[in-house]
Structure formats: structure tokens, C-alpha cells
Chemist: 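Once you've had a glance at the structure underneath, I'll fire off some questions.
Reckoned from all heavy atoms, side chains included, excluding hydrogens, waters and symmetry mates. Throughout, protein chains are lettered first and strands after them, A, B, ... in sequence-line order, and every chain is numbered starting at 1.
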Number of protein chains: 2
Amino acid sequence: MERSTRQRQAIRAVLEEIDRPLSPQEVLSAAQHKVPGLGIATVYRTLKGMVEEGMAVAVELPGNPPRYERSGKKHHHHFHCIACGKAFELEGCPGDFAFMAPRGFQTQGHEIVLYGRCAECCQRNPGATTP
Amino acid sequence: MERSTRQRQAIRAVLEEIDRPLSPQEVLSAAQHKVPGLGIATVYRTLKGMVEEGMAVAVELPGNPPRYERSGKKHHHHFHCIACGKAFELEGCPGDFAFMAPRGFQTQGHEIVLYGRCAECCQRNPGATTP
DNA sequence: GACAAAATGATAATGGATTATCATTATTAA
DNA sequence: TTAATAATGATAATCCATTATCATTTTGTC
């Protein structure tokens, strides 16, 4: 039977509260503020369970192990900071890209990833930013 | 000293001839037609060397180990077939996506990946295709 | 052709992420 | 409360891609 433990509550809360895809390690760090002794194995187990239940989804960014965000959000994409490594959620999507596919190909979906520096990293080491 | 071996010639030829990003295993299979005894270690070694020389670049698709294509192509993106797993090159790019980044973020690049079925896989199991 | 050195191929070793194990702890229903 | 058992945490084990090792082969030079 599914039991409601402090650990699971903490992990679920973290994914509710932090609106960007989190790696298992990031989930661990954040959830340990709520449940100090929390172990990484429990994080993996809980994330896996949440994905199976449809409560969370894995977000795959090129060259990285999966991160996790809560499911149910509307179609969106991500920003990957090359300085701190964090992933962020972007709002909206510029459209359908099926027209890019060669003749005879059947497009079912797409992924867009922006790379650059997040606001925090731009501050830390200033330069041109999105106005 | 850099020596020109049959193995390297074969691996380089494969990347010239096949215009889509290839995994080390795909490179191995293709190059073994030219050099039967070719080993996977040589493929990894040669690909690594080609990237260092700037002759090839790694292509990272979400959730996959790097594939390799020859460098020098103009800005483009990729299509990933969910049926056969092959990656394909797409022509052109619909534009700049920096406007999608939140205020304060500095965008330096972007990646687009289309998912669906390649022409060959559509044929094998027909359905709607790009007209 | 002979030699020195780079390259190869087979495979063991490595590294990082994820999963399994298992003794201990915590939750839930009675 | 208690009993039954699911969940946890520490860590060993696993998995897979990639790299290192090393005896053998091949290349380029004389």
C-alpha cells in the first residue's frame, strides 16, 4: 500500500514549489531542508513512483541525465544555464515545426532548448542581457 | 606522428558519406564494411581525435549519448526517429529564439529537435506523413 | 627490407547514474 | 498499543558508455 511519509511529502512539495526541472541531486538538497536525514535512494524511488503515477515527468536535456518537473503544465520548453547548470522553464512556444521535416517524415513533437546564462549568473558576471 | 591508416580513412569516409549524426556503434558498423576487423576502441579514438582537430562535432540529443557529424555544416537542427532511433539532419532554422528567454537571461544559442517517424519507418508502417 | 614508433583490437578498467539489498524505522488499520 | 508491512537510508551492485592497457600489427622513413 502507498504510505504517506515525511520523505515523500517533502519530495512532492519540492517539485510543487520549485518551478523548474530538478535533478535528483537538486531534489535531494531541497528536500533535505524539510527532512534532514533524507537519502538519495528515496529520492530516486519517489521520483520514479511519481512518474509512474503521472504526477511528474522526466525532462531530458541534451547531454544530461533526466531532471524532473511536476506534470500537467502546458506545452513549454527550457533554458539551460551554461554557467550554473540549472534548467529553467520557458513560457509558451513559437509554434509548430513540422514543416522543417523532410518529405515523407511524420513529425509528432518537438523540443527547444535555449542555452545561455540565467539572470543570477548574468548578475554575478555582468554582460549583455535580455532587456 | 599522425599516421593515415585504413581504419581512420574508413571512419572519416563514413562521416563524409553519411549525412546524419552517427553514434559510435553506427560508425563502427558502417566502417566495418570497408575495414572488416575494425574495433570499437579505434572508432572512439578516431572520433575523439576528429573532434579535437575540429573535423567532427558531437551532436547531443536528449536522453542519448553523443552522435557525431562532420563539422563545417551551416546552422541546422535534427530529427530523431522514435521508431528506428536514427537521427537526421534538418535544413535551415526558423530563426532566433532569444525572445523566449525570461527578462535578465542572456541567450547564446538554441537547439531544436523534432521527433517522429522517418520516411523509412513511415513506409514500413504507414500513416500520415509530411505531404 | 629493416627499424622505430604510432596505431590497432581485445578486453579489462573506469566513472557516473541508477537500482537492489537488507537491517532498521515508521505508518496504518485493527 | 500492537502487529503487519511498507518505506527508509546506507551502501553494495549494476548498467552502459567510454577509456586504459598492452601485446601485436602497421605505417612511414631510411
Chemist: Can you tell me the distance, in whole Å, between the CZ atom of B:R6 and the P atom of D:dG28?
Modeler: 12 Å
Chemist: Which pairs with one or both residues in residues 91-102 of chain B pass salt bridge (Lys or Arg N to Asp or Glu O under 4.0 Å), sequence neighbours excluded?
Modeler: none
Chemist: Dump every N/O contact between nucleotides 16-23 of chain D and the protein below 3.5 Å, one line per pair.
Modeler:
unit_1 : atom_1 : unit_2 : atom_2 : d
D:dT18 : OP2    : B:Y44  : OH     : 2.4

Chemist: Are B:F105 and A:F88 an aromatic pair by the rule of ring centers under 6.0 Å?
Modeler: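 Yes; A:F88 has its ring centre under 6.0 Å from that of B:F105.
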Chemist: Evaluate ring-ring contact (aromatic ring centres under 6.0 Å, His included) for B:H80 paired with A:H110, printing each intermediate quantity in order.
Modeler: CA-CA 9 Å; B:H80 196 180; A:H110 66 265; over 10 Å; no
Chemist: Please state how far atom CZ in B:R3 lies from atom C1' in D:dT29, giving the value in whole angstrom units.
Modeler: 9 Å
Chemist: Remaining members of A:V57's ILVMFWY cluster at a side-chain heavy-atom cut-off under 4.5 Å?
Modeler: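 When side chains under 4.5 Å apart are linked, A:V57 ends up in no cluster with other residues.
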Chemist: Mapping A:T5 and B:T5 to their closest nucleotides on DNA chain D, which lands nearer the 5' end?
Modeler: A:T5
Chemist: Do side-chain atoms of A:R8 reach the backbone of A:R3 as a donor and acceptor pair under 3.5 angstrom?
Modeler: yes
Chemist: Nearest whole angstrom, please: distance from the C1' of C:dT18 to the CG of A:L47.
Modeler: 12 Å
Chemist: Does B:Q7 have a side-chain nitrogen or oxygen under 4.0 Å from the phosphate oxygens OP1 or OP2 of C:dA7?
Modeler: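 No.
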Chemist: For the side chain of B:T42, starting at C-beta, report the closest nucleotide among C:dG9, C:dA26, C:dA7.
Modeler: C:dG9
Chemist: Grab the CD-C1' distance between A:Q9 and D:dA7 for me, whole Å please.
Modeler: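 Taking atom C1' of D:dA7 as the reference, CD of A:Q9 is at 13 Å.
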Chemist: Just N and O in the side chain of A:R8: are any of them under 4.0 Å from OP1 or OP2 of D:dA6?
Modeler: no
Chemist: Measure from the side-chain N and O atoms of A:S23 to the backbone N and O of A:R67, and report whether any donor-acceptor pair falls under 3.5 Å.
Modeler: no
Chemist: Whole Å only: how far is the CG atom of A:L38 from the C1' atom of D:dA10?
Modeler: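 After rounding, the reported distance stands at 13 Å.
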Chemist: Rounded to the nearest angstrom, tell me the gap between atom CD1 in B:I11 and atom C1' in C:dA7.
Modeler: 11 Å
Chemist: According to a 4.5 Å side-chain heavy-atom criterion applied to Ile, Leu, Val, Met, Phe, Trp and Tyr, with indirect links allowed, do B:I82 and B:V113 form part of one hydrophobic cluster?
Modeler: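 Yes; B:V113 is reachable from B:I82 via cluster members.
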Chemist: How many whole angstroms separate atom CG of B:L28 from atom P of C:dA10?
Modeler: 10 Å
